Enquirer: 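Got a structure for you, written out below as structure tokens; questions coming shortly.
The chains referred to below are lettered A, B, ... by the order of the sequence lines, with proteins before strands, and numbering in each begins at 1. This structure is a prediction, so every number in the text was calculated from the model and none was measured.
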Number of protein chains: 2
Amino acid sequence: MTELSRAAAERLIRNGGAQRVSQSACDALIDVLEEVSREICVQAVQFANHAGRKTVTAEDIKLAARV
Amino acid sequence: MTELSRAAAERLIRNGGAQRVSQSACDALIDVLEEVSREICVQAVQFANHAGRKTVTAEDIKLAARV
């Protein structure tokens, strides 16, 4: 199940300068961003657990995005 | 201006296994995903233009995500 909307994906592609955007392009961007997100979030949760916290913080996310 | 919602970001972090999620963690994830998206989408628009199309397709997005 996707968490990001097709409307948000279309806005992101238009922000990149697109004049027209196919529906499948929106779905492809959602796939890519959710895969990137999955890797970051699993890592961020591990960092929070490692620090003895149940709450994932911005620092966990930023560190995971760099690893 | 952000295109992705805090609610979507929180769902993505919870999908990673988080028990609790700080609001700033959601904002940090949005920043990371929008930066990744920006790079992919600018590149995808260039690929579409290069192919003589005004419409950005799934293939443009997939190629841009690999570059």
Side-chain angles (χ1 to χ4, degrees):
Chain A
M1 196 205 127
T2 62
E3 303 295 355
L4 304 179
S5 73
R6 209 177 247 168
E10 181 170 343
R11 288 193 301 271
L12 288 166
I13 300 173
R14 287 195 186 278
N15 288 352
Q19 293 185 53
R20 301 185 67 210
V21 180
S22 78
Q23 212 169 64
S24 64
C26 299
D27 293 338
L29 182 61
I30 290 170
D31 282 350
V32 171
L33 293 182
E34 296 209 347
E35 179 57 34
V36 169
S37 172
R38 191 158 21 246
E39 289 175 17
I40 291 171
C41 293
V42 166
Q43 186 94 72
V45 170
Q46 287 177 344
F47 290 153
N49 290 341
H50 185 71
R53 283 182 278 101
K54 290 183 176 181
T55 306
V56 173
T57 66
E59 284 62 38
D60 296 322
I61 297 287
K62 289 175 191 170
L63 183 59
R66 279 208 303 273
V67 175
Chain B
M1 196 206 125
T2 62
E3 303 296 354
L4 305 178
S5 72
R6 209 178 246 167
E10 181 170 343
R11 289 194 299 270
L12 288 166
I13 300 173
R14 287 196 186 279
N15 288 353
Q19 292 183 54
R20 302 186 66 212
V21 180
S22 78
Q23 213 170 63
S24 64
C26 299
D27 293 338
L29 182 61
I30 290 171
D31 282 350
V32 171
L33 293 182
E34 296 208 348
E35 180 56 34
V36 169
S37 172
R38 191 156 23 244
E39 289 175 17
I40 291 171
C41 293
V42 166
Q43 186 94 70
V45 170
Q46 287 177 345
F47 289 153
N49 290 341
H50 185 71
R53 284 182 277 101
K54 290 183 177 180
T55 306
V56 173
T57 67
E59 284 62 37
D60 297 321
I61 296 288
K62 288 176 191 170
L63 183 59
R66 280 207 302 273
V67 175

Enquirer: Using heavy-atom distances under 4.5 Å, tell me whether Ala48(A) contacts chain B through its side chain, its backbone, both, or neither.
Expert: neither

Enquirer: Evaluate the side-chain contact (heavy atoms from CB on, under 4.5 Å) criterion for residues Asp31(A) and Ile61(B): first the C-alpha distance (whole Å), next the side-chain angles of each, then the deciding distance (0.1 Å), finally the verdict.
Expert: CA-CA 10 Å; Asp31(A) 282 350; Ile61(B) 296 288; over 6 Å; no

Enquirer: Which answer fits Ile40(A), side chain, backbone, both or neither, if we ask what part of it has an atom under 4.5 Å from a heavy atom of chain B?
Expert: side chain

Enquirer: Select, from Ser5(A), Ala9(A), Ala8(A), Ala18(A), the one with the greatest count of heavy-atom pairs under 4.5 Å involving chain B.
Expert: Ala18(A)

Enquirer: What's the spacing between Thr55(B) OG1 and Gln23(A) CD if we round to 0.5 Å?
Expert: 13.0 Å

Enquirer: Please flag which part of Val45(A) lies under 4.5 Å from any non-hydrogen atom of chain B: side chain, backbone, both or neither.
Expert: side chain

Enquirer: Taking Val36(A) as the starting point, is it possible to reach Leu12(B) by hopping between hydrophobic residues whose side chains are less than 4.5 Å apart?
Expert: yes

Enquirer: Between Val42(B), Val32(B), Thr57(B), which residue shows the highest count of heavy-atom pairs closer than 4.5 Å to chain A?
Expert: Thr57(B)

Enquirer: Do you know which of Ser24(B), Ala64(B), Ala65(B), Ala44(B) has the most heavy-atom pairs under 4.5 Å to chain A?
Expert: Ser24(B)

Enquirer: Atom CZ in Arg11(A), atom CG in Leu4(B): separation rounded to 0.5 Å?
Expert: 8.0 Å

Enquirer: Can you list the steps and then say if Ser37(B) with Leu29(A) is a side-chain contact (heavy atoms from CB on, under 4.5 Å)?
Expert: CA-CA 8 Å; Ser37(B) 172; Leu29(A) 182 61; 3.9 Å; yes

Enquirer: What about Ile30(B) and Leu63(A), same hydrophobic cluster or not, with Ile/Leu/Val/Met/Phe/Trp/Tyr joined at side-chain heavy-atom distances under 4.5 Å?
Expert: no

